[in-house]
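Comments concern the structure below.
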Amino acid sequence: MLQSIRGMRDILPGDARRWRIVEDTLRRILESAAYEELQLPLLESTELFTRGVGEGTDIVEKEMYSLTDRDGDGITLRPEGTAGCVRALVQHGLLFNQTQRVYYTGPMFRYERPQKGRYRQFYQVGAEAFGLAGPDVDVELMLLGRRFWQALGVEHLVRLELNTLGTPATRAAFRAALVAYLEPLRERLDEDSRRRLDRNPLRILDSKDPGTRAVLARAPQLPDFLDADSRRHFANLTGMLDELGIAYTVNPALVRGLDYYTQTVFEWVTDALGAQGAVCAGGRYDGLVERLGGKPTPAAGFAVGLDRLVLLHEAVHGALDGAAADVYVCVLEPGHQGYALRLAEKLRAGLPGFRIRVHAGGGKLKNQLKRADQCGARHALLVGDAEVADDAPVLKDLRADLPQRALAVDGIIAALRAGVPD
RNA sequence: GUGGACGUAGCUCAGUCGGUAGAGCUCCGGGUUGUGAUCCCGGCGGUCGUGGGUUCGAGCCCCAUCGUCCACCCCA
């Protein structure tokens, strides 16, 4: 049987409703903070990501869907959104002497082994703020996160972790010190960490291996390498978080996988999703705009993992009401199909927001009512000889034991409008 | 890329010691005229993931392969 390729999944009608709720909620909150939507291509030049995300990262080394275009150019299905967003704003001159606060949403692609909460095509909502260097913007981004979780009713499952990486110079100095410390102890590290020692030593801090953890206990600490400005930035940040009542824990092991981060990094994590804990992650990336050809521009942002957020929403709220229609029009004689379709059009015009489905394909009334019931409709309308003769279809409540009535169109509209509270 | 578990009807699953497959749900038809959800009766539906092997005989044992899930790595 033909089936979707690994890591690519279909979001079927039952789930799509939940996706729309989650995505609309995030969008509404971003708009309320005056972030502006941006739509970006799924395909970018491969170079954008090798330069933007970083040559040594796992994403670039083994996870990109890259191909050669017909004219020989290297192009890549975007593995994340920030690089493309920066590219677009630089390309159109929107970062020139001005600030921008934007968001975007859509699928990203990474070639990884799928598991719970991780797919090869996955969905993010990203928000980015440019031209603003202070910790107030960092806090604003975290505040947006808190509103997301509150609005979706999942705030009790999500907590904030943060850290600071300082400036690129900070990272370089710390990295050198860490390597100098670990190199003689190489034999005591697990295999993965030994490999990372050469390539991306900061990631060793994340290791879950007990032996490696023991070695790390006496390793140099990044905070000791922070310069005065970075310390002040972070202190201001945590001060504002305290003021706003946003709970957080400082996690010195939080390093993040992408090369472009500086200063603040943060993650909203959950324990409710198995091994994939990060629901939203982001931070400051003051060097990226310049790296991608723009003027030096401070920037910060985050990405929400929609797939994971949808799973959380499901864990909290369970199954959603599955009604596909509100009103189902039954057609008792084939000759009345046209009447039924006209009736439905009048109802749709008079009842905005109502979902009205007309039976198609004929069949007995018994089966038509069965369909009406199955699609979740609250009401059925019957169109038979008598109803057409009187121009008064019968309105039947499928969810309450009420007498059914023959009503003219205006009467049906009035009854339906009055009868449905929400 | 690595490890573990699992692939039987559209769905959820049984299938004993190896003897050429079952249930529930769904779907379709019926229970006399134009009334659904419940109930009763009947029916459709399977290359047991795929390909080899062992055997008189394989859903069951062996090998390979594909797929799914979970975990590692890493990440949203």
Side-chain angles (χ1 to χ4, degrees), chain A residues 1-7 9 12 26 53 56-63 78-82 105-127 145 158 190-193 195-196 199-200 203-204 206-209 254-258 266-270 273-283 301-312 328 330-333 336 359 363-387 393-401 403-404 406:
Chain A
M1 185 178 33
L2 235 39
Q3 55 183 334
S4 56
I5 57 184
R6 169 174 282 192
R9 62 216 184 104
L12 302 174
L26 302 195
V53 177
T57 60
D58 277 20
I59 289 178
V60 168
E61 278 189 354
K62 55 183 194 189
E63 295 175 2
R78 63 182 185 190
E80 59 101 48
T82 302
T105 171
M108 310 289 165
F109 302 85
R110 291 183 201 170
Y111 188 87
E112 300 178 276
R113 286 284 282 263
Q115 68 189 75
K116 186 180 180 68
R118 180 164 68 198
Y119 312 97
R120 288 183 173 181
Q121 175 173 330
F122 61 102
Y123 295 81
Q124 290 187 337
V125 171
V158 180
D190 62 282
E191 192 184 332
D192 284 322
S193 294
R195 188 164 43 79
R196 280 182 288 192
R199 304 242 300 281
N200 204 343
R203 300 224 54 84
I204 298 175
D206 268 344
S207 175
K208 293 164 190 163
D209 179 80
L254 185 61
V255 175
R256 311 221 21 80
L258 283 54
F266 64 94
E267 261 180 29
W268 293 93
V269 296
T270 181
L273 256 37
Q276 259 53 55
V279 174
C280 171
F302 64 72
V304 178
L306 271 184
D307 309 74
R308 294 173 187 181
L309 194 49
V310 165
L311 286 172
L312 271 190
Y328 195 95
C330 299
V331 190
L332 304 205
E333 307 296 336
H336 300 323
H359 182 80
K364 298 169 142 183
L365 178 59
K366 179 185 169 82
N367 287 320
Q368 297 194 25
L369 282 170
K370 200 170 178 178
R371 293 278 164 72
D373 183 49
Q374 283 172 344
C375 78
R378 172 85 197 259
H379 297 278
L381 282 165
L382 312 188
V383 176
D385 290 339
E387 289 76 18
V394 164
L395 177 65
K396 177 182 173 69
D397 192 318
L398 296 170
R399 309 296 158 196
D401 190 18
Q404 57 190 43

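Only this structure's heavy atoms are used, side chains among them; waters, hydrogens and symmetry mates stay out. Residue numbers start from 1 in every chain, and the chains themselves are labelled A, B, ... in the order their sequence lines are given, proteins ahead of strands. The structure displayed is predicted, hence computed values, not measured ones.
Spacing between B:A23 and B:U68 at atom P, rounded to whole Å, works out to 31 Å. B:G7 and B:C75: their P atoms are spaced 34 Å apart (whole Å). Of the P atoms belonging to B:G52 and B:C48, the separation is 13 Å, rounded to the nearest Å. Taking the P atom of each, B:G22 and B:U16 are spaced 13 Å apart, rounded to whole Å. Nucleotides B:C13 and B:U20 have their P atoms positioned 26 Å apart, rounded to a whole Å.
Within 3.5 Å, a donor on the side chain of A:Gln404 pairs with an acceptor on the base of B:U35, or the reverse. On a pure distance criterion of 3.5 Å, a polar donor-acceptor pair joins the side chain of A:Arg308 and the base of B:C75. With hydrogens and angles ignored, a donor-acceptor pair closer than 3.5 Å exists between the side chain of A:Lys396 and the base of B:U35. Between the base of B:G34 and the side chain of A:Glu387 there is a donor-acceptor pair shorter than 3.5 Å.
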Between the protein and nucleotides 24-27 of chain B, list every N/O to N/O distance that falls short of 3.5 Å.
| residue | atom | partner | partner atom | Å |
| --- | --- | --- | --- | --- |
| B:C27 | OP1 | A:Gln374 | NE2 | 2.4 |

Could you write out each protein N or O paired with an N or O of nucleotides 46-48 of chain B at a distance under 3.5 Å?
none

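Counting any heavy atom pair closer than 4.0 Å across all strands shown, A:Tyr328 reaches no nucleic acid atom. Nucleic acid contact class of A:Ala386 (heavy atoms, under 4.0 Å, all strands): base. Here A:Ala278 lies in heavy-atom contact (under 4.0 Å) with sugar-phosphate atoms only. Residue-level contact check: A:Gly117 touches the bases, meaning some heavy atom is under 4.0 Å from a base atom. Within 4.0 Å of A:Leu309, counting heavy atoms only, lies no atom of the nucleic acid at all. Among the protein residues, A:Arg399 comes within range of the nucleic acid bases, having at least one heavy atom under 4.0 Å from a base atom.
If you check B:G36, B:U35, B:G30 against the side chain of A:Leu398, the one that comes closest is B:G36. Of the listed nucleotides (B:C70, B:A76, B:G34), B:C70 has the atom at the smallest distance from the side chain of A:Lys116. Comparing B:A76, B:G67, B:G36 by their nearest atom to the side chain of A:Arg6 picks out B:G67. In the set B:C72, B:G30, B:G36, B:C72 carries the atom at the smallest distance from any side-chain atom of A:Gln115. With B:A76, B:G29, B:G34 as the choices, the nucleotide that has an atom nearest any side-chain atom of A:Asn367 turns out to be B:G29.
With values rounded to the nearest 0.5 angstrom, A:Asp58 atom CG is found 8.5 Å from A:Glu112 atom CD.
Nucleotide B:A71: paired with B:U2 (Watson-Crick or G-U wobble, both distances less than 3.5 Å). With a 3.5 Å ceiling on both atom-pair distances, the Watson-Crick or G-U wobble partner of B:U50 is B:A64. Judged by Watson-Crick or G-U wobble contacts below 3.5 Å, the nucleotide B:A37 has no partner.
Of the possible polar contacts, none joining the A:Arg308 side chain to the A:Val279 backbone as a donor-acceptor pair under 3.5 Å is found. A donor-acceptor pair under 3.5 Å is absent between the side-chain atoms of A:Arg9 and the main chain of A:Gln121, judged by distance alone. Of the possible donor and acceptor atoms, none in the side chain of A:Arg78 sits under 3.5 Å from a partner among the backbone N and O of A:Met108.
A salt bridge links A:Asp373 with A:Arg399; the closest basic N to acidic carboxylate O contact falls under 4.0 Å.
A close approach under 4.0 Å does occur between a side-chain nitrogen or oxygen of A:Lys364 and OP1 or OP2 of B:G30.
The stacking criteria are not both satisfied for A:Tyr123 over the base of B:A76, which would need a centre-to-centre distance under 5.5 angstrom and an angle between ring planes under 30 degrees.
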